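As structure tokens, the structure follows; a few thoughts come after it.
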Protein chains: 2
Amino acid sequence: MSDLLERLRGRGWRMTAQRRVVAEVLDGDHVHLTADEVHAAAVTRLPEISRATVYNTLGEMVTLGEVIEVATDGRAKRYDPNAHRPHQHLVCGRCGAIRDVHPGGDPLADLPDTERFGFTISNVEVTYRGICPSCASTA
Amino acid sequence: MSDLLERLRGRGWRMTAQRRVVAEVLDGDHVHLTADEVHAAAVTRLPEISRATVYNTLGEMVTLGEVIEVATDGRAKRYDPNAHRPHQHLVCGRCGAIRDVHPGGDPLADLPDTERFGFTISNVEVTYRGICPSCASTA
DNA sequence: ATCCTACAATGGACATTGTCCAAGTCAAGC
DNA sequence: GCTTGACTTGGACAATGTCCATTGTAGGAT
């Protein structure tokens, strides 16, 4: 069952075949698909779905706070449905693999007032970069 | 005088008018220009400089480790010449302003081995997001 | 069950950002 | 002042994302 779909339904979202397919494709843990990957997967279930609809739907999910947008590589944005639990990302610089990670500590507490320049800070993103085990073994 | 230019010269870089202009445009603190912004600024000094050259030059500076590439918004990459001193970024979600900040603590130490999944981690990027004072006052 | 209507989907044009390449140009050493 | 290999150019191309007029449809009202 799709948790993501349930959450969206509960918000009075008008449910269409397209939105259902996008939500189903995106559901799960350690999912970090690009918009085009979502589209490609959606097309196998609903061949006539358009790119614009996938972009619109992902954008709405982000606005609703049910999906997080992640920019790990400066190329395409990735969409992470794991929005209900705070987490950070660990990225392999060679193959691009992404894992959700849960660091201890509060990164916000590490930023003293003198370094905040009067900003009201609402969230902190941490990206750990390195090489994953399988890339390391084929160095 | 351009520190960035000095450092590049010291590495045996072949010095051309184009590279000089790009280095001069990019030099300074709290500089976080996109490639196109660099190009626009460069054109005012050297009208015939091409986009390709700006991209090439920025890419080389990044490879040499004299400039850092920052992806704060999933749109265009930004180029930060402040590569000699480790720092993180504070970004205004409304106007896009960026400040360099220097948090205390070591974010790497906050990630336990059990959360590293065998990765060899080489660096950590932290992005603080919020609203800057001038945007807050015109809410 | 059918009708209405506001909201959603479509697809294709357009925008932005970035990469590539063949040909011309030039900095730096001799 | 040559020569040469590295640098620059401009334009084509690629990837990602946005916009909009038109068409379709979900879900409430009748």
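Letters A, B, ... are given to chains in the order of the sequence lines, protein chains preceding strands, and every chain is numbered from 1. Because the structure is predicted, anything quoted here is derived from the model rather than measured.
- What separates CG of B/Leu46 from P of D/dT8 is a distance of 10 Å, to the nearest Å.
- A donor-acceptor pair shorter than 3.5 Å cannot be found between the side chains of B/Asn82 and B/Asp29.
- Under the salt bridge (charged side-chain N to carboxylate O under 4.0 Å, His left out) criterion, the residue pairs touching residues 53-64 of chain B are B/Arg19-B/Glu60, with sequence neighbours excluded.
- Between A/Arg78 and A/Glu37 there is a salt bridge, since at least one side-chain N of the basic residue sits less than 4.0 Å from a carboxylate O of the acidic one.
- Considering CD1 of B/Ile68 and NE2 of B/His32, their distance stands at 10.0 Å, rounded to 0.5 Å.
- Dashed line: the shortest gap from a side-chain N or O of A/Arg75 to OP1 or OP2 of D/dT16 is under 4.0 Å.
- Using a 4.0 Å cut-off on heavy atoms, the residues of residues 49-58 of chain A that approach DNA chain D are A/Arg51, A/Ala52, A/Tyr55, listed by number.
- The closest donor-acceptor contact from the side chain of A/Tyr128 to the backbone of A/Val101 lies at 3.5 Å or more, if one exists at all.
- For A/Arg85, there are no salt bridge (charged side-chain N to carboxylate O under 4.0 Å, His left out) partners two or more places apart in sequence or in a different chain.
- Ring geometry for B/His30 versus A/Phe117: interplanar angle over 60°, hence perpendicular rather than tilted (30 to 60°).
- For B/Asp73, the side chain to side chain donor-acceptor pair (under 3.5 Å) criterion is met by no residue, not counting sequence neighbours.
- Taking SG of A/Cys132 as the start and CD1 of A/Ile98 as the end, the distance is 12.0 Å to the nearest 0.5 Å.
- Between the P atom of D/dG10 and the CD atom of B/Gln18 lies a distance of 10 Å, rounded to the nearest Å.
- Bracketed by its first and final contacts, the part of DNA chain C lying under 4.0 Å from non-hydrogen atoms of chain A reaches from C/dA6 to C/dG11 in 5' to 3' order.
- In this model, no donor atom of one side chain and acceptor atom of the other lie less than 3.5 Å apart for A/Ser134 and A/Ser137.
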Every protein N/O lying under 3.5 Å from an N/O of nucleotides 26-30 of chain D:
unit_1: D/dA26; atom_1: O4'; unit_2: A/Arg14; atom_2: NE; d: 3.3
unit_1: D/dA26; atom_1: O3'; unit_2: A/Met15; atom_2: O; d: 3.4
unit_1: D/dG27; atom_1: OP1; unit_2: A/Met15; atom_2: N; d: 3.1

